[in-house]
Amino acid sequence: MPVIRVENLTKTYGQAPNELIALKNVNLTFEQGEFVAIMGPSGSGKSTLLHMIGGLDKPTSGVVSLDETLLSDMNDKALSRLRRQKIGFVFQFFNLLPALTARENVALPLILDGVPRSTALTRADKMLADVGLADRKTHRPAELSGGQQQRVSIARALAIEPMLILGDEPTGALDTQSGNDVLTILREIVTTGQRTVILATHESRVTDYADRLIRIKDGAIIDDTRLTAKPNSDIIQPKVATIATN
Amino acid sequence: MPPTNASSQNVTLFNAAYLALYYLRQHRLRTLLTTLAIVFGVTVVFGANVGVPSVEAALKRIVGGPGSADLRIQAVTGEAFAPESILAQVAKVDGVKAATGVLRRKFTLPSLGKNAPEIEMVGIDPIAALTVSNYPVSAGQFLQPGEHGNTVIPASIAELASIKVGATLPLLTTGGFKIYTVIGLLADRGITTTPQLIVTLEDAQAAFSLPGKINAIDIALQPGADRQAVLSKIVQALGKGFQASDEASSGADISFAYITFNLFGAMALFIGGFLIFNTFRTVVVERQHEIATLRAIGAEREQILVMVLIESLIQGMLGTFLGLLGGLILASQIENIATALLVTTPVTQTEPISLVITPNAVLGSLALGIITTLIAGYLPARSASRVLPLAAVRPVSNDTVQRTSRLSLIAGVVSLLVAIILLLNGESSAGIGALIFLLGMVLLTPTLILPATRLLSPLLNLIFARESDIARGNIISQPGRTAITVNTLMIGVAVLVATSAMVVSMNGALTNILNAALANDSSDYLLLPISAQDTDPHVGSTFGVDSSLVTRLRDLPQIDSVVSIRNADAQIDEATIPLAAIDPATFTKIRKLPIMEPDPTAAYSALGTGHTAFINSYTAKTFNLSLGKAMTLQTPQGAQQYRIVAILQDLGTAAGPYAVISQATLATDFGKTEDSLVELKLRSGNDPTAARAAIETIAADYPQFKLVATADFTKTGIAGARDITAIFYALAAIVLFPSTLGLINTLTISVLERKREIGVLRALGTDRDMVRRIVMAEALLLGLIGALVGVVAGVAISSSFVSIFSAAAAGGIDYIFPTEGVIAGIVVGVLLALLASLLPARNAARLDIVQALNYE
């Protein structure tokens, strides 16, 4: 039973004759508990596809449905609610609020959703512990390394217990080790939490962690492959434990 | 997780406030600078609304006099009148227990110099006065009927001036100094900033040359009588010519102060609001990425809106609260100055004026400060709420910026048109017209940046040859940001130019009056009351001299002729009209009035025949009068008909009524024989030094007058007025201060925004000094554009400034173009911009190259 359906999705920018086609007639479905890597060169449309799925941008034609709900039927308020209740975002440059501490950043989507502050902060502490940052919760982003900031960002995405996590080049700004740590955590989320993770990336090592690889070029899907060597929980969990103790 | 519901709104609000506080703390300097602007505005408005009424209340107490009568009645003209029938009528009114006539007059003791204290001589009927009010004698004795040359003074003044019972005091009379003996001291009775010297009514009448006259009736009410009801009955019995004296208290100067403070306070608040608007607009641009992230992780538009609004609200509340404190300090300063002005020497009592803080002043200032910031914060908050979540992951095109500027061009032009209509519509809508004009200019500025930059480029190239291209590029590429800075400066410069127009116009009006007053004047010397050159337009209330001065001067062999002018106030259609009284037979020997019709010879001879008058053309127009018609004036002798025998030109550009009657008629109808002004012409062929010495010898006996060479009169008068207008420039500076803060604020932000660019420039080999010069070149260009736009706006709104004050000033003020103000505006604008650039330029020059390159 797919949780996300993308049907005949097309996105263009500008007007003819200078029209730029970012996506053309894309059809895809995503299952619950699936780790999907979308790969392609710069400008291929992978980020655009991710933005459409996350409700950040509207398609020119075609539909995206999440959990049987059409995103195109939603107004801004409903889309905002959807983002803060069902979708977690992990950005390439982390996008943490510099004024807030790590735990406040993680608690933010909950607070925005009306969860009492103390409850939200308690939950944030747990999330930070899960990504191995229990001892960094009162630090501000500027006091954390890139890898640590991205882990805070993942904790923020997880705080709302989303059904879907979207990552736009989440390892793009990180060194190899930190990138691996991030991917390990994301894998763990899929394996143990039965959540769906979709990453837009051009790093081939992601295939070591993903269940499925979608290749995209010039706005069209050119390949959709199920990956067999899917790491199981027995391998992932010790790795996560290592990250936590780092 | 629980979904959003209505009950969670408060929690969200709390968190929005929490976030807002974080941001404010993060940018302490910016928060401080922005908040300071609101502090200034509220300080001025609150200070004015506490300080000015307090002084007014104190003045009222002085006018009313503590422990004195329950009610005091005066002629509406303030002139003296015969007491008999009036007193009898008042005594008959229900609720009146007792009534007594008094003759009181304030004057200064000239021997004490320029800052001589005002003293009030009060002539009373010693028996009747005690039935109306209480005179507790602490030493010596009270006055007895029929006594002459004795006075009773307040004990505190006696103490301060070391005067004992039995001592003698020289007091001024219309005939010069007269010696009085202090026979008693009065126990103190609260605040009296004007010391009262009590003499018998007969002595006062003799001193003021008003035999048989009184100028006020003090009334004691029966216990439980309603003051207001009794008053209206008295006014009904006596007719329109009388009123309660405290209603006649001089509120003119106070209302002037009100207008001044409130106008400048509003301007300071406007700039404060504008500064907040600027800051938040920039903050939103600067924080776009963060706002987009919040949106991406699910923040709703309203939440973003509320967050930014709360941020501005916190600044508004902080600024308003500090402004209230500042206002209290300002009010106490106003109070100190007022106390110093009212209580100038040790001869007067020095009890302080207490501040009157009304709920209206507090709530009004609170509301003004907070509402201003909320309005100022709303537009940026709204644009923040419209930031697309997508901006969290990719740069957004600048389509929106261009659309906004086109929209603001249209809105700006519409605002300017509306403002021009309002400005041309007259003084009632001029104030709001000026504000809308400024708003229109604010909206229009982004469009003006490009042409203005092109215009000023050659100048910039001349001063900053190497840096001008980059500076110009920065300004043109960011019309929005440039407009913010330009507008901040524009408002300050506009206020400076408008203020200058006001000052120049006020001085011009005064010069006109003085010149017109002396036109066709062939006198060599003037003898006039000391206070005549002060701001008091009520020449009639100053202390004149009796006819002995003119007689003695005429006897001098060096003098060709002497004429005098006497003054009084009358009422026409319930409006006050100043009267000048001349002797038609001798007046033309020295002076010629600007008679428009009929033939002057006929006019002067007609003025010598009974109830006749000259009126100026303003009076003729206003009261629908013409040559040959009769006009009715309220005089102390009741309503009197005067036949109009000449129409005079208006005095200079001052549009106000005046009339001229003969001195004989003045004596009959007003009972006044004292001269308010004496002019004299020397006989030719005499030694001028000796002549002056002879005149000075006589003048020395009349210390209430001073001797001025006619040629110096205008010059001295204008110099005096200049001192007063200095306060307007001080207030303009209050407005320029937040403008400078705004400049520093926006230039700092502009450096921050271009951190990366500066890093690139440094990497490409630009040295620190060049970076500094780039920022300064930019500031110079901004300063020039801001000053030019400000001058245009200032000139446009200056006429409204002048008309607002013209409405409050007696006689009106004509608009004069502020050439000096325009020059000062440009110089000040450029200097302030350069000054404001010093710190940001230093910061830019000190940036670490690698850090700047990595700045996102």
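Hydrogens, waters and symmetry mates play no part in the numbers below; they use all other heavy atoms, side chains included.
In terms of heavy atoms, B:P389 sits closest to A:R83 at CG-NH2, 3.7 Å. Here the shortest heavy-atom pairing between A:F91 and B:A296 reads CZ-CB, 3.8 Å.
Considering CD of B:E302 and CG of A:D76, their distance stands at 8.0 Å, rounded to 0.5 Å. We find the CD1-CG distance between B:I297 and A:L97 to be 7.0 Å, quoted to the nearest 0.5 Å. Note that OG1 of B:T293 and CZ of A:R156 are 6.5 Å apart. Values are rounded to the nearest 0.5 Å. The structure places OG of A:S80 at 11.0 Å from CG of B:L294, a figure rounded to the nearest 0.5 Å.
For CD of A:Q15, the number of neighbouring non-hydrogen atoms (other residues, nucleotides, ligands) closer than 6.0 Å is 12 at most. Atom CZ of B:R301 has more than 12 neighbouring heavy atoms from other residues, nucleotides or ligands inside a 6.0 Å radius. Around CZ of B:R842, the count of heavy atoms belonging to other residues, nucleotides or ligands within 6.0 Å does not exceed 12.
Residues B:Q303 and A:I111 are not in side-chain contact: their nearest non-hydrogen atoms beyond the backbone lie 4.5 Å or more apart.
There is no contact between A:Q92 and chain B, counting heavy-atom distances below 4.5 Å.
For the salt bridge (charged side-chain N to carboxylate O under 4.0 Å, His left out) test, no residue two or more places apart in sequence or in another chain qualifies with A:K24.
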